[in-house]
Amino acid sequence: MPDSFDLSSVSAALTGTAFAHNLQHFPSVGSTNVLALEAAQSGAAHGSVWVADEQTAGRGRSDHRWHSPAGDGLYVSVLLRPQMALVDALWLSLATALAMQAAIATVTSLAPDIRWPNDLLIGTRKCGGILVETSAVASQSDTPAMLRYVVVGVGINMNHQSFPGELEGLATSLRRETGKPWPREQILIEFLRALDKEIALLTAELHGTSTQAGLLERFAAASSWIRGKRVSVDEAGGYTGVTDGLDARGFLRVAGDDGMLHTVLSGGVRAQ
């Protein structure tokens, strides 16, 4: 039987964060992100959290499905209402990836890598992913468009012992990597604690009050994919090259084999 969530214990462990006392748990849903988006449109509060044992229509980036069997993974969506410009929305994905990485490392001592911008890998196989969906207030004159709300969806493969055939060589789980099951509640708590910290750091950085290393610097230090990685990219007709750091907005740069310096905006990046 899958381990269960004690929401009162989770809330107590999250005291002092934006997520305490704002959690909802469901045995089965279509998609936690869909629930969060619907609630956001109805005025749900910043820091609201939806977690499910199973998703029957879990989603990843680019309309990919997220394999979400009952009890095997952590499937959670978070509603944020940050005071941020739409142009900075990518930073939320990078911050969430850092929070996921920290949570897994804290609980399991594994050291997952981050494939820009939103996949966690152990070795060459994916163990976690992020889907960020936004709504913005239209810009007026010289004022940039501002985020109205952001839904951050996270899936972590925790206790999967097998995957469908098409995923078998691409995916892994924390259980597969360590040989033992892990409590989803513990990972949930550590993820939300880390995310709360990352959002606070990001907010301070955007307002010029941070004394910490910047998000882009910390992300580059946490990911082997940011510089010197030979990759293929499936946008702009497809190209290959070597990663060459992040630009000021957080987009990945690739020194292409065609002699051009490309900026990856939305395409999938894979090791070549």
Side-chain angles (χ1 to χ4, degrees), residues 5-26 29-55 57-61 66 68 73-84 86 88-104 106-107 114 117-120 127-136 146-158 184-204 206 215 219:
F5 292 96
D6 181 343
L7 295 190
S8 61
S9 295
V10 175
S11 291
L14 295 174
T15 298
T17 73
F19 309 116
H21 313 298
N22 281 325
L23 294 94
Q24 298 182 62
H25 169 256
F26 302 87
V29 298
S31 162
T32 56
N33 257 38
V34 169
L35 287 181
L37 287 167
E38 292 172 348
Q41 294 165 11
S42 299
H46 170 83
S48 298
V49 180
W50 293 260
V51 61
D53 294 328
E54 174 189 41
Q55 293 183 117
R59 298 182 295 133
R61 289 181 72 237
W66 186 265
S68 310
L74 179 64
Y75 319 120
V76 58
S77 294
V78 175
L79 173 62
L80 303 173
R81 296 187 182 273
Q83 296 298 310
M84 289 176 57
L86 177 61
D88 294 324
L90 174 61
W91 288 36
L92 290 169
S93 184
L94 305 184
T96 302
L98 289 175
M100 287 176 60
Q101 183 188 58
I104 292 172
T106 297
V107 175
I114 306 174
N118 61 356
D119 291 336
L120 263 70
C127 69
I130 300 163
L131 175 63
V132 175
E133 299 183 275
T134 64
S135 175
M146 299 297 292
L147 289 169
R148 179 184 290 113
Y149 59 78
V150 178
V151 169
V152 178
V154 166
I156 301 176
N157 298 336
M158 293 193 54
R184 294 175 301 149
E185 183 175 299
Q186 191 175 5
I187 292 282
L188 175 64
I189 289 169
E190 293 301 333
F191 166 66
L192 293 176
R193 283 174 172 169
L195 182 60
D196 189 74
K197 178 180 177 181
E198 288 294 339
I199 297 301
L201 289 173
L202 178 54
T203 300
L206 291 173
L215 172 67
F219 190 90

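Small disclaimer: the values here were computed from a predicted structure and weren't measured.
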Full working for side-chain contact (heavy atoms from CB on, under 4.5 Å) between Gln83 and Thr203: CA-CA 8 Å; Gln83 296 298 310; Thr203 300; over 6 Å; no
Criterion side-chain contact (heavy atoms from CB on, under 4.5 Å) on Val29 and Tyr75, from CA distance to verdict: CA-CA 10 Å; Val29 298; Tyr75 319 120; over 6 Å; no
Let's go through Leu92 and Met84 carefully: what are the C-alpha distance in whole Å and the side-chain angles of both, what is the deciding distance for side-chain contact (heavy atoms from CB on, under 4.5 Å) to 0.1 Å, and is it a yes or a no? CA-CA 10 Å; Leu92 290 169; Met84 289 176 57; 3.9 Å; yes
Taking it one step at a time, do Leu188 and Leu23 satisfy side-chain contact (heavy atoms from CB on, under 4.5 Å)? CA-CA 11 Å; Leu188 175 64; Leu23 294 94; 4.2 Å; yes
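Under the 3.5 Å distance criterion, the side-chain polar atoms of Arg193 are left unmatched by any main-chain donor or acceptor of Ala103. For Asp88 (side chain) and Trp91 (main-chain N/O), no donor-acceptor pair under 3.5 Å exists by modelled atom type. Proximity of a side-chain donor or acceptor of Ser11 to a complementary backbone N or O of Ser8 within less than 3.5 Å is not detected. When atom types are taken as modelled, the side chain of Thr15 and the backbone of Ala12 share a donor-acceptor pair closer than 3.5 angstrom.
Of the inter-residue distances, the one linking Leu74 atom CG with Asn157 atom CG reads 10.5 Å to the nearest 0.5 angstrom. We find the OG1-NZ distance between Thr17 and Lys197 to be 14.0 Å, quoted to the nearest 0.5 Å. One finds the OG1 atom of Thr106 at 5.0 Å from the CD atom of Glu190 (value rounded to the nearest 0.5 Å). Rounding to the nearest 0.5 Å places OG of Ser77 at 11.5 Å from CD1 of Ile130. Atom OG of Ser31 sits about 9.0 Å away from atom CD of Glu38, to the nearest 0.5 Å. Note that the CG atom of Leu120 and the CD1 atom of Ile114 stand 5.5 Å from one another [nearest 0.5 Å].
In this structure, Met100 and Ile156 approach most closely via the heavy-atom pair CE-CG1, 3.8 Å. The nearest pair of heavy atoms linking Ala39 to Trp50 is CB-CZ2, 3.3 Å. In terms of heavy-atom proximity, Leu79 sits nearest to Ala44 at CD2-O, 3.3 Å. The two residues Ala97 and Pro117 come nearest to each other via the heavy atoms CB-O, 4.1 Å. Heavy atoms only, all atoms of each residue included: His46 and Leu80 are closest at ND1-CA, 3.5 Å. The nearest pair of heavy atoms linking Ile104 to Ile187 is CA-CD1, 4.2 Å.
Of the candidates Thr32, Leu35, Asp53, Val51, Leu35 is the only one forming a side-chain contact (heavy atoms from CB on, under 4.5 Å) with Phe26.
For the pair Val78/Thr96, no side-chain contact is recorded, criterion being any heavy-atom separation below 4.5 Å from C-beta on. Between Val107 and Phe191 the shortest side-chain heavy-atom distance does not fall below 4.5 Å. Between Ile199 and Pro82, every side-chain heavy-atom pair lies at or beyond the 4.5 Å cut-off.
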